[in-house]
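One structure is given here, and the rest of the page talks about it.
Order of appearance sets the numbers: ligands from 1, and atoms from 1 within every ligand.
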Amino acid sequence: MQETVRVDLGPRSYDVVIGSGLLDSAGDLLSPWLAGNRVAIVTDSAVGDLYQDRVTESLKTAGVDCVGIVLNAGEASKSWDSVHKVVEWLLQERIERDDAVVALGGGVVGDLAGFAAAILRRGVRHIQIPTTLLAQVDSSVGGKTGINSRHGKNLVGAFHQPAGVLADTATLATLSRRDFLSGYAEVAKYGLLGSAAFFAWLEANGASLSKGSPQHLMHAVRRSCEMKAELVQRDETEFGDRSLLNLGHTFGHALEAATGFSNRLLHGEAVAIGCGLAFDLSAKIGLCPPEVPARVRRHFRSMGMMSTLADIPGRLPDADGLMELMLQDKKVRQGQIRFVLARGIGQAVVVSDVDPTAVRAVLFTTMDDRQS
Ligand code: GLY
């Protein structure tokens with residue numbers, strides 16, 4: 001069983017093909033997305049051992065020539081050093097504009113390989129084969145590629161849409177529960193930002209989804225990709241509605257920075273807590289009814305996820321310190337933080353004139369919870 005979500009961007013349109021067990025058909029599924037018959041697979045040491053041979057075999061059976069490079073697993077690979085290494089390797093392998101770079105892995109591999117493809121020979125096609133929930137529902141779709149700089153995360157990059165995305169939901173079975181739930185925060189985020197019906201479906205089916213129900217996983221990945229495609233179609237380069245995808249991320253990035261972008265707090269964990277805080281702030285300024293933030297947190301808690309600042313292990317900066325970190329966010333314009341807030345579940349809006357006193361009050365209240 002497989003389903004397709006179309007990302008309609010005129011000449012840059014492509015399909016996201018979703019299903020369980022698709023890696024063994026990678027050759028047939030990827031062939032229509034290729035102009036030539038050579039691909040360069042970029043993967044990492046964690047994913048390569050699990051899936052590289054299967055993908056390579058399937059491509060070879062379909063008559064496609066493959067070369068591969070394996071990077072160290074982990075965020076440190078999203079660096080200038082890795083781009084240098086990958087681009088020089090692609091040139092050495094004579095990967096040309098009719099060939100394709102295939103990113104096989106999670107968000108780090110996808111962002112890095114996509115960026116290498118964007119700058120190689122002024123742009124060669126790339127294909128995403130995301131193997132984490134976070135990559136399947138977010139980073140592989142929409143064309144954001146890039147690396148980190150010593151000045152911050154994702155500060156160097158390019159928009160470079162893939163020629164296709166192949167999401168095999170069976171790969172999610174090998175994720176640790178913590179990584180799975182970190183990706184799940186982005187799934188829940190789609191319901192919170194744009195669909196009360198999808199959020200209610202997650203409330204009813206989240207438990208079975210997290211136990212690996214193939215039908216529920218398929219539905220959650222497809223619905224997330226549909227919602228992402230819709231926003232990317234409206235605003236490909238994030239001058240408007242695409243920024244709604246950042247619900248929970250302004251608070252979340254500050255928390256990630258406060259915890260040193262370490263294993264203490266994964267990206268999705270920060271997003272889940274950040275979504276709770278965004279709803280707190282929405283209620284505080286009278287944008288959404290006061291009972292909604294508790295419903296948001298109840299769902300994350302019922303999934304066994306972190307939902308408040310009190311759940312973060314170890315010391316955190318105080319509310320003023322967190323405010324400082326938020327002011328360094330990419331979304332700050334002329335000193336004003338642009339928050340994605342909500343009028344209710346599924347009704348996110350961008351608000352650029354939030355009174356800093358309200359933000360501080362929300363953080364102080366939740367910091368108090370942490371101390372009590
Ligand atoms: N991950 C947010 C975006 O793609 O815009």
Less than 4.0 Å is my threshold; does some heavy atom of E186 fall inside it relative to ligand 1? no
Tell me the protein heavy atom at minimum distance from [atom], and give that distance in Å.
atom	value
atom 5 (O) of ligand 1	R242 NE, 2.7 Å
atom 4 (O) of ligand 1	K228 NZ, 2.6 Å
atom 1 (N) of ligand 1	D138 OD1, 2.9 Å

Pairing of E96 and R38 as salt bridge, 4.0 angstrom limit: no
Under the ring-ring contact (aromatic ring centres under 6.0 Å, His included) criterion, do F251 and F339 qualify, and how do the steps go? CA-CA 9 Å; F251 286 110; F339 280 97; 5.4 Å; yes
Any idea which atoms of ligand 1 are less than 4.0 Å away from a heavy-atom of E238? 5 (O)
If we number the atoms of ligand 1 from 1 as shown, the ones under 4.0 Å from a heavy atom of L245 are 3 (C), 5 (O)
Is there a ring-ring contact (aromatic ring centres under 6.0 Å, His included) between H126 and Y14 once you walk through the steps? CA-CA 11 Å; H126 75 116; Y14 54 95; 8.6 Å; no
Candidate pair L341 and I285, rule side chain to side chain contact (heavy atoms under 4.5 Å, CB included), full reasoning: CA-CA 10 Å; L341 301 180; I285 63 171; 3.7 Å; yes
Between N246 and ligand 1, does any nitrogen or oxygen pair lie at a separation below 3.5 Å? no
Quick check: does any side chain N or O of K78 sit under 3.5 Å from a backbone N or O of N148, one acting as donor and the other as acceptor? no
Side chain to side chain donor-acceptor pair (under 3.5 Å), that's the test. Do D81 and S79 meet it? Break it down for me. CA-CA 5 Å; D81 282 354; S79 63; 5.2 Å; no
